[in-house]
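Computed from a prediction, not measured in an experiment: that's the story for all the values here.
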Amino acid sequence: MPEHEVSEHEVSEREVSEHEVSERETPEREAPEREIPESEAAERAVRVHGRCDARFAAVRGAFEENFRERDELGAAVTVTVGGRTVVDLWGGWADAARTRPWERDTLVNVWSTTKGPVALCAHVLADRGLLDLDAPVAVYWPEFAAAGKEKVLVRHLLSHRAGLAGLREPHSLEQLCDWELTTQRLAATPPWWEPGTRSGYHALTYGHLVGEVVRRVSGLRPGAFLEREVTGPLGIDFTIGLPEKDYGRAAELVQPPVATTSEQAAAFAQLTPAAIAAVTNPAVSAAGAGTPGWRAAEIPAANGHGTARAVAELYAVFAGRGTYGGHRVLSPEAVERVREGQGRCLDLVLGAGLAAETEAGLGLWLSGPNGSYGPNPRAFGHDGFGGSCGLADPEAEVSLGYVMNRMGPHIADDPRKMALVDALYGAL
């Protein structure tokens, strides 16, 4: 399958060589029929770099369209098929002032897309017989049995069914960066609902809960365990937290649009106390994620940093039924456990914003009838706050990583992500 270099491709002018047109397997998308003011067009013009197999030209088209039509600032997308990279594109700006171009190795905080690699750590231990997903958490973490949690199972942590979507006592961002304090408070707090009965998205607590079990079993927090077992051997450019040596490569996050006071009031009126705790205790923001304290901490639910290439490679482990780059990380049976559905429901945290039932597997979310990760209902993945995404489809042997720095307002299924997913499956 031929690959085409698209470096220096000017999106606004759609310049393509005759050679490239002749080898395309899918036609280029036409620009929407609306007039764009010259000043706006100049503002949105970007150069897209990288490579894209001819078969997946529609993915490149959707990526370019995100800049023209969906207010993209800087972003990257990578697709693997059968363990081979078929799309690897980047473009735009790494900062709000548009002074730093997005480069091939630009890193960005991917928020909850980090949860997939954290779940991977737990499944590696389970695959080796060191962790029983049906055992009570307290078997590995005795202090966790406090406040009526003695029957909470490891699978409940992985599937957001532990009833610990947020802490009850005020917990600051600075305190969230303190691993010992946060895990001690989680061990001591009672659940908000009966564990195991339904999901309630553990937005910030997930990483400390699953991560502390990983630490109790392996002796390593998930960041170090992931590096030792996966990213190190495979050379994947992804870390939980951000080493100081990589600060210069990190993109600046841009906060999503602020809702009006009336919109905020209407949204909060629909939230349960558990949901309010999940999203506001503590509240996180683009500005906070750029601080040295956040970067130095290990917050495995939310502060993974990587390229789109790294996200696609990590999720390719799932797409390859446990193998990527000639390295077996999981058994095929373990990958099936990852997407073992725990029951569809209106999530206690996400439900107010999504207004649709969802289903968590053991660490990632199933595409299901909503098609969040493509038309295969058994494909699975995870979105990050603001729009990033990792996707795995073992049946199609496909993985996708999408990262960006202008955060969108959607709880999940950002239109930029969905445009890329739709284009990908249209090309398969």
Side-chain angles (χ1 to χ4, degrees), residues 111-116 118-119 122 136-138 141 143-173 175-179 181-213 222 267-285 299-303 342-366 382-386 410-412:
W111 297 102
S112 288
T113 301
T114 314
K115 290 183 173 74
V118 173
V137 175
W141 182 3
E143 302 92 327
F144 187 84
K149 301 194 300 301
E150 62 277 356
K151 294 183 180 179
V152 176
L153 307 180
V154 175
R155 70 170 50 242
H156 295 154
L157 301 186
L158 285 163
S159 59
H160 302 268
R161 289 174 172 253
L164 299 171
L167 286 164
R168 292 174 180 268
E169 61 185 300
H171 199 63
S172 69
L173 188 58
Q175 290 170 328
L176 183 68
C177 294
D178 184 330
W179 183 274
L181 175 62
T182 300
T183 54
Q184 287 169 9
R185 286 185 171 181
L186 285 169
T189 197
W192 289 96
W193 66 90
E194 184 181 349
T197 56
R198 63 189 297 185
S199 71
Y201 186 53
H202 290 40
L204 291 174
T205 58
Y206 177 95
H208 287 84
L209 290 166
V210 176
E212 182 63 8
V213 171
F268 269 88
Q270 301 179 61
L271 297 181
T272 63
I276 292 172
V279 300
T280 68
N281 189 29
V284 295
S285 67
I299 306 170
N303 81 336
Q342 301 302 291
R344 289 183 62 78
C345 67
L346 190 65
D347 187 89
L348 287 167
V349 175
L350 301 177
L354 291 178
E357 290 188 342
T358 53
E359 184 169 18
L362 294 176
L364 292 103
W365 296 85
L366 302 182
H382 216 296
D383 288 12
F385 178 30
H410 300 83
I411 291 177

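Arg198 and Cys345 get closest at one heavy-atom pair: CB-SG, 4.0 Å. Across all non-hydrogen atoms, the minimal contact from Cys177 to Ile299 is SG-CD1, 3.9 Å. Of all heavy-atom pairs spanning Leu364 and Gly116, the tightest one is CD2-CA, 4.0 Å. The shortest heavy-atom contact between Trp111 and Phe385 is CD1-O, 3.1 Å.
A search for salt bridge (Lys or Arg N to Asp or Glu O under 4.0 Å) contacts involving Asp347 returns nothing, not counting sequence neighbours.
Formation of a donor-acceptor pair under 3.5 Å by the Asp383 side chain with backbone atoms of Ala412 is not found in this model. Distance alone, capped at 3.5 Å, places no donor-acceptor pair between the Lys149 side chain and the Pro191 backbone. Between the side chain of Glu359 and the backbone N or O of Gly343, at least one donor-acceptor pair lies under 3.5 Å. The main-chain N or O of Gly384 is found under 3.5 Å from a side-chain atom of Thr113 such that the two form a donor-acceptor pair. For the pair Trp192 (side chain) and Pro273 (backbone), a donor-acceptor distance under 3.5 Å is absent.
If you take CH2 on Trp365 and OG on Ser199, they are separated by 4.0 Å, rounding to the nearest 0.5 Å. Atom OG1 of Thr182 and atom CG of Leu204 lie 9.5 Å apart (nearest 0.5 Å). Leu176 contributes atom CG, which lies 5.0 Å from atom NE2 of His171 (distance to the nearest 0.5 angstrom).
For residues 182-194, every residue pair satisfying the salt bridge (charged side-chain N to carboxylate O under 4.0 Å, His left out) rule, not counting sequence neighbours, is listed here: Glu169-Arg185. Residue pairs satisfying the salt bridge (charged side-chain N to carboxylate O under 4.0 Å, His left out) criterion with at least one member in residues 151-165, sequence neighbours excluded, are listed as follows: Asp134-Arg155, Arg155-Glu340.
The side chain to side chain donor-acceptor pair (under 3.5 Å) with Trp179 is formed by just one residue from the set Glu212, Gln184, His208; it is Glu212.
Side chain to side chain, Thr358 and Tyr201 fail the donor-acceptor criterion of an N or O pair below 3.5 Å.
Taking the six-membered ring where the residue is Trp, Tyr206 and His160 present parallel rings, their angle staying beneath 30° rather than reaching 60°.
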Open item on the list: Could you go through Leu157 and Phe144, starting from their C-alpha distance and side-chain angles, then the distance that decides it, and tell me whether this counts as side chain to side chain contact (heavy atoms under 4.5 Å, CB included)?
Closed with: CA-CA 12 Å; Leu157 301 186; Phe144 187 84; 4.1 Å; yes

